[in-house]
Amino acid sequence: MKKYNVGIIGCTGMVGQRFSLLLENHPWFNLTAIAASARSAGKTYEEAVSNRWAMTSPIPENIKDMVIMDAADVEAVASKVDFVFCAVDMKKDEIKALEEAYAKAECPVISNNSANRSTPDVPMIIPEINADHAKIIEAQKKRLGTKRGFVAVKSNCSLQCYVPAIHPLKEKFKVNKVLACTYQAISGAGKNFERWPEMVDNLIPYIGGEEEKSEQEPLKIWGHIEGDKIVNCDDIAITSQCLRVPVSDGHTAAVFMSFDTEDKPSVEEVIDIWTNYKGRAQELELPSAPKQFLHYFTEPDRPQIKSERNLENGMAVSVGRLRPDTQYDMKFVCMAHNTLRGAAGGAVLMAELLCAEGYID
């Protein structure tokens with residue numbers, strides 16, 4: 001596999017920091033540019049983040065002395081890289097404009113931001129689920145007037161812990177109704193306990209915009225390409241409640257689902273499907289892909305955050321407590337690392353998929 005020069009736009013935030021760790025020894029990607037807002041531009045990475053480094057691992061040696069560029073200087077950043085990862089903290093319309101500017105500078109953008117998730121010709125890819133949505137990139141490039149520039153996004157971090165478990169069952173058993181209650185770590189808000197002490201011994205039953213994302217984004221992931229856009233699926237209804245809980249990393253979900261078929265699966269059948277499920281990421285043996293995507297735990301008190309969040313380098317999805325339900329057909333609990341599988345790691349895996357499939361050349 002050829003090596004690609006990559007950049008991080010929004011390198012100083014929590015997801016940007018996670019990107020720096022994931023790219024430190026990546027076999028395909030060589031970090032050659034880092035960028036942030038004008039107030040950080042001109043500083044070395046260590047100078048900019050040393051007093052707010054939020055990771056448990058130290059700042060990577062290969063990035064410490066790199067000088068941060070101004071993210072607004074699109075041409076300068078684009079000239080140093082084959083593509084960029086984007087995780088900026090800006091208003092949605094500003095993010096959308098920035099990402100499109102990079103794409104028009106013929107620099108593909110792998111985005112962790114939500115600004116372009118509803119754009120009809122921007123693929124929102126979970127590589128094990130809807131890798132085929134990358135085909136819409138050609139339509140997007142026509143709209144933008146680019147040869148190789150485009151934007152691809154990863155989905156919301158919380159739904160990546162439960163959508164993967166529903167996916168292998170959706171077509172086979174026609175899952176038509178889902179209730180998902182998510183219990184989300186504080187790193188999802190870009191915080192740790194030191195910077196958010198009021199979260200200690202606390203629970204907040206509201207996360208702005210999160211429930212709308214949890215209910216709408218899966219419909220695009222399960223949608224289909226029609227002409228020059230992705231059309232949302234309309235055969236499943238999802239409702240959710242999203243709570244912020246005093247956990248550092250790892251989003252958990254309690255999920256209830258019903259099937260629109262008389263031939264309903266047994267608990268054993270569902271577990272077997274989960275255990276043996278493989279997606280495109282596993283077929284291609286991508287560097288960041290978990291060997292086993294879905295791990296089922298038979299113990300009644302699993303999965304747990306502390307023991308499961310780093311499973312397969314934080315890229316696996318853990319599932320447990322599958323059982324019949326009196327209101328829905330079945331219920332289960334699932335968990336995934338929100339800044340790895342849910343954020344930076346999911347974006348790196350998507351970039352690996354797009355490279356392997358020839359979309360970034």
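Fair warning: this is a prediction, and the values are worked out from it, not measured in the lab.
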Student: Under 3.5 Å, is there a donor-acceptor pair between the side chain of R244 and the main chain of P205?
Tutor: no

Student: For the backbone of A72 and the side chain of D70, can you confirm whether one donor and one acceptor N or O come within less than 3.5 Å of each other?
Tutor: yes

Student: In Å, rounded to the nearest 0.5 Å, how long is the span from CG of L349 to CG of L284?
Tutor: 9.5 Å

Student: Got I221 and S155 here, is their nearest side-chain heavy-atom distance under 4.5 Å?
Tutor: yes

Student: Over all heavy atoms of both residues, which pair between I9 and A71 is shortest? Give the atoms and the distance, please.
Tutor: CG2-CB, 3.7 Å

Student: Quick check: do I360 and I110 have side-chain heavy atoms less than 4.5 Å from each other?
Tutor: yes

Student: Could you measure the distance from the CZ atom of R52 to the CZ atom of R195? Nearest 0.5 Å is fine.
Tutor: 7.0 Å

Student: May I have the step-by-step check of side-chain hydrogen bond (donor to acceptor under 3.5 Å, both in side chains) for T32 and N30, ending in yes or no?
Tutor: CA-CA 6 Å; T32 55; N30 178 38; 5.7 Å; no

Student: How far apart are the C-alpha atoms of Y359 and F83, what are their side-chain angles, what is the distance that settles it, and do they pass the ring-ring contact (aromatic ring centres under 6.0 Å, His included) test?
Tutor: CA-CA 11 Å; Y359 289 94; F83 67 91; over 10 Å; no

Student: Quick one: do R309 and D249 make a salt bridge, cutoff under 4.0 Å?
Tutor: no

Student: Taking the side chain from S79 and the backbone from A76, do they hold a donor-acceptor pair closer than 3.5 Å?
Tutor: yes

Student: Under a plain distance cut-off of 3.5 Å, with no hydrogens placed, do N5 and D82 share a side-chain donor-acceptor pair?
Tutor: no

Student: Give the minimum heavy-atom separation between V178 and I236, together with the two atoms involved.
Tutor: CG2-CD1, 3.9 Å

Student: What is the minimum heavy-atom distance between W53 and S20, and which atoms define it?
Tutor: CH2-OG, 3.6 Å

Student: Let me confirm one number: the CE-CD1 distance from M124 to I136, rounded to the nearest 0.5 Å.
Tutor: 13.0 Å

Student: Output, in order, the C-alpha distance, side-chain angles, deciding distance and verdict of side chain to side chain contact (heavy atoms under 4.5 Å, CB included) for L203 and V245.
Tutor: CA-CA 5 Å; L203 181 152; V245 294; 3.8 Å; yes

Student: Can you tell me how far apart CD (E61) and CD (E24) are? Round to the nearest 0.5 Å.
Tutor: 8.0 Å

Student: Under 3.5 Å, is there a donor-acceptor pair linking the side chains of Q184 and T182?
Tutor: yes

Student: Would you call K96 and T119 a side-chain contact if the rule is heavy atoms closer than 4.5 Å?
Tutor: yes

Student: Would you say H251's side chain and Q160's backbone share a donor-acceptor pair under 3.5 angstrom?
Tutor: no

Student: Check whether Q282 reaches the backbone of Q292 with its side chain - one donor and one acceptor, N or O, closer than 3.5 Å.
Tutor: no

Student: Is it the case that more than 12 heavy atoms not belonging to K229 sit under 6.0 Å from its NZ atom?
Tutor: no

Student: Any salt bridge linking R143 with D121? Criterion: basic side-chain nitrogen under 4.0 Å from a carboxylate oxygen.
Tutor: yes

Student: With a 4.5 Å heavy-atom cut-off, do S258 and D329 have their side chains touching?
Tutor: yes

Student: Looking at residues at least two apart in the chain, or sitting in another chain, which of them share a side chain to side chain donor-acceptor pair (under 3.5 Å) with E312?
Tutor: H295

Student: When you look at H337 and R18, which way does the side chain to side chain contact (heavy atoms under 4.5 Å, CB included) test go after all the steps?
Tutor: CA-CA 12 Å; H337 196 302; R18 181 66 75 183; 3.7 Å; yes

Student: Going by atom types alone, do D263 and T261 pair a side-chain donor with an acceptor below 3.5 Å?
Tutor: no

Student: If you define the side chain from C-beta out and look only at heavy atoms, does anything of M330 sit under 4.5 Å from V267?
Tutor: yes

Student: Using a 6.0 Å cut-off, check whether atom CZ of R148 has over 12 heavy atoms from anything other than its own residue.
Tutor: yes

Student: Does a side-chain heavy-atom distance below 4.5 Å link I273 with Y296?
Tutor: no

Student: What pairs with Y183 under ring pair (Phe, Tyr, Trp, His ring centres under 6.0 Å), at least two apart in sequence or on another chain?
Tutor: none

Student: Counting only heavy atoms not in Q241 (residues, nucleotides, ligands), do more than 12 fall under 6.0 Å from its CD?
Tutor: no

Student: So which pairs with a foot in residues 102-118 pass salt bridge (charged side-chain N to carboxylate O under 4.0 Å, His left out), sequence neighbours left out?
Tutor: E100-K104, R117-E217

Student: Would you please name every residue forming a side chain to side chain donor-acceptor pair (under 3.5 Å) with K170, sequence neighbours left out?
Tutor: D235

Student: Please name the pair of heavy atoms, one in S214 and one in I238, separated by the smallest distance, quoted to 0.1 Å.
Tutor: O-CG2, 3.9 Å

Student: Closer than 4.0 angstrom, basic N to acidic O: yes or no for K331 and D325?
Tutor: yes

Student: After noting the C-alpha distance and the side-chain angles of N176 and K174, does the key distance pass the side chain to side chain contact (heavy atoms under 4.5 Å, CB included) rule?
Tutor: CA-CA 6 Å; N176 68 344; K174 302 192 184 310; 5.8 Å; no

Student: Report the C-alpha separation of M257 and F173 in whole Å, then their side-chain angles, then the decisive distance to 0.1 Å, and conclude whether the side chain to side chain contact (heavy atoms under 4.5 Å, CB included) test is met.
Tutor: CA-CA 11 Å; M257 61 183 174; F173 298 108; over 6 Å; no

Student: Is there a donor-acceptor contact under 3.5 Å from the side chain of K220 to the main chain of I230?
Tutor: no

Student: Is the backbone of S248 close enough, under 3.5 Å, to the side chain of S187 for a donor and an acceptor to pair up by distance?
Tutor: yes

Student: Flag yes if more than 12 heavy atoms outside D93 fall under 6.0 Å of its CG atom; otherwise flag no.
Tutor: yes

Student: For the residue pair H26 and W28, does the interplanar ring angle fall in the parallel (under 30°), tilted (30 to 60°) or perpendicular (over 60°) class?
Tutor: perpendicular

Student: Please identify each residue that fulfils salt bridge (Lys or Arg N to Asp or Glu O under 4.0 Å) with E357, with sequence neighbours left out.
Tutor: R280

Student: Taking atom NZ as the centre, does K135 end up with more than 12 heavy-atom neighbours from other residues, nucleotides or ligands that are less than 6.0 angstrom away?
Tutor: no

Student: Would you please name every residue forming a ring pair (Phe, Tyr, Trp, His ring centres under 6.0 Å) with Y45, sequence neighbours left out?
Tutor: none

Student: Between atom CD1 of I204 and atom SG of C242, what is the distance when rounded to the nearest 0.5 Å?
Tutor: 13.5 Å

Student: Determine the minimum heavy-atom distance between G250 and V247, stating which atoms define it.
Tutor: O-CG1, 3.9 Å

Student: Using side-chain heavy atoms (C-beta onward) and a distance below 4.5 Å, is M335 in contact with F297?
Tutor: no

Student: Angle between ring planes, W222 versus H167, binned at 30° and 60°: parallel, tilted or perpendicular?
Tutor: parallel

Student: From F85 CZ over to C11 SG, what is the distance, rounded to the nearest 0.5 angstrom?
Tutor: 14.0 Å

Student: Identify the two heavy atoms, one from F19 and one from I8, that lie closest to each other, and give their separation to 0.1 Å.
Tutor: CB-CD1, 3.7 Å

Student: Quick check: do L22 and S288 have side-chain heavy atoms less than 4.5 Å from each other?
Tutor: no

Student: Salt-bridged, E128 to R341, with N to O below 4.0 Å?
Tutor: yes

Student: In terms of the angle between their ring planes, are F293 and Y277 parallel, tilted or perpendicular, with boundaries placed at 30° and 60°?
Tutor: tilted

Student: Do other residues, nucleotides or ligands put more than 12 heavy atoms under 6.0 Å from K2 NZ?
Tutor: yes

Student: Take atom CD in E285; do more than 12 heavy atoms of anything else shown fall under 6.0 Å from it?
Tutor: no

